[in-house]
Amino acid sequence: MRFVTLAPRLLFTLGAGVLTCGIALHAGRDGAAGTLAAGLLAAYLGWLLLEAPVTFRRSPAPPADTRTLLPYALARVLLVAGASLRPLPWDRWTPWLLAPCAVFAAGVALRQAAIRALGRFYSHHVMRQDGHRVVTGGPYGVVRHPAYAGMLLANLGFTAFFPHPVTVAALLLLAGAVARRIRVEERALLDVPGYAQYAAGRPRVLPGVW
């Protein structure tokens, strides 16, 4: 159990190091497209650092996500490695490169709005906390798991900027891990008063799909 909770922190450190290398590699080549790529990698690194206090916060309760935590973290490391350590798929600057950057930014913004709405109940682990209650404000009024929705949207934009079989495979692995985590999380949340009624009226991550 200790390894399972420690490994994501080690993978976080590895991912941050890989992104730093990628920033240095892309900033020195490929002209304006390389500069934008370095900027997007820097934005991803900033996103990781923004959530670092939660990543390294000691869990107040035993997590219930041991089977999904490692695939989830590994998928993100694989994704940033595939983007950071390979040549750019774009041979020149085009305004279309701003589109996946906008999708990435929208995903991060959605995730941060969800984290703020949850407040002290937010964690990178699946668990129930003392005084746990159903949060229905902000993006939780639209979908049940906006933090995961933002995670997937941001990484979709990131993959669209750095398209490659490695990044696409990592995105699919991440989506599978997120889907599994959502199911584990919902089983834990069903004991929270009012959650079943809340869940019955809202989709999980994407209205009209799931």
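Source: prediction; values computed, not measured.
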Inset, instruction - Please determine if Arg181 forms a cation-pi arrangement with Tyr72, meaning its NZ or CZ atom is less than 6.0 Å from the six-membered ring centre and no more than 45° off the ring axis. - result: yes
Legend entry - Arg144 charged N/C atom sitting above Trp210 aromatic ring, 6.0 Å / 45°: no
Is it the case that one hydrophobic cluster holds both [X] and [Y], taking links as side-chain heavy atoms less than 4.5 Å apart, direct or via other members?
X      : Y      : answer
Leu173 : Leu70  : no
Tyr44  : Trp90  : yes
Val209 : Ile182 : yes
Leu171 : Phe162 : no
Tyr122 : Val135 : yes

Legend entry - Side-chain donor-acceptor pair present, Tyr195, Arg133, cut-off under 3.5 Å: no
Distance-only, no hydrogens or angles: does the [X] side chain make a donor-acceptor pair with backbone N or O of [Y] under 3.5 Å?
X      : Y      : result
Arg202 : Gly141 : yes
Thr167 : Ala83  : no
His164 : Pro89  : no
Tyr198 : Tyr140 : yes

Any non-hydrogen side-chain atom of [X] less than 4.5 Å from a side-chain atom of [Y]?
X      : Y      : answer
Val178 : Leu152 : yes
Val143 : Pro207 : yes
Gln112 : Trp47  : yes
Tyr148 : Glu185 : yes
Arg116 : Arg111 : no
Leu41  : Phe158 : yes
Phe121 : Val192 : no

Could you report the tightest heavy-atom contact between [X] and [Y], atom names first, then the distance?
X      : Y      : value
Pro193 : Val134 : O-CG2, 3.5 Å
Ala33  : Leu97  : CB-CD1, 4.2 Å
Leu110 : Gly150 : CD2-N, 3.7 Å
Ala147 : Ala114 : N-CB, 3.5 Å
Leu79  : Thr159 : CD1-OG1, 3.3 Å
Val142 : Pro203 : O-CD, 3.5 Å

If you measure from [atom1] on [X] to [atom2] on [Y], what distance do you get to the nearest 0.5 Å?
X     : Y     : atom1 : atom2 : answer
Leu40 : Thr35 : CG    : OG1   : 12.5 Å
Leu25 : Ser84 : CG    : OG    : 8.0 Å
Leu98 : Trp96 : CG    : CH2   : 10.5 Å
Leu36 : Thr94 : CG    : OG1   : 10.5 Å

Inset, instruction - Please determine which of Val108, Leu153, Asn155 meets the side-chain contact (heavy atoms from CB on, under 4.5 Å) test together with Val103. - result: Leu153
Inset, instruction - Would you check, one step at a time, whether the test side chain to side chain contact (heavy atoms under 4.5 Å, CB included) holds for Ile115 with Glu51? - result: CA-CA 10 Å; Ile115 291 173; Glu51 296 191 20; 3.8 Å; yes
Legend entry - side chain to side chain contact (heavy atoms under 4.5 Å, CB included) evaluation trace for Arg76 with Leu174: CA-CA 7 Å; Arg76 293 192 71 184; Leu174 179 63; 3.9 Å; yes
Inset, instruction - Indicate, with yes or no, if the rings of Phe161 and Phe104 have centres closer together than 6.0 Å. - result: no
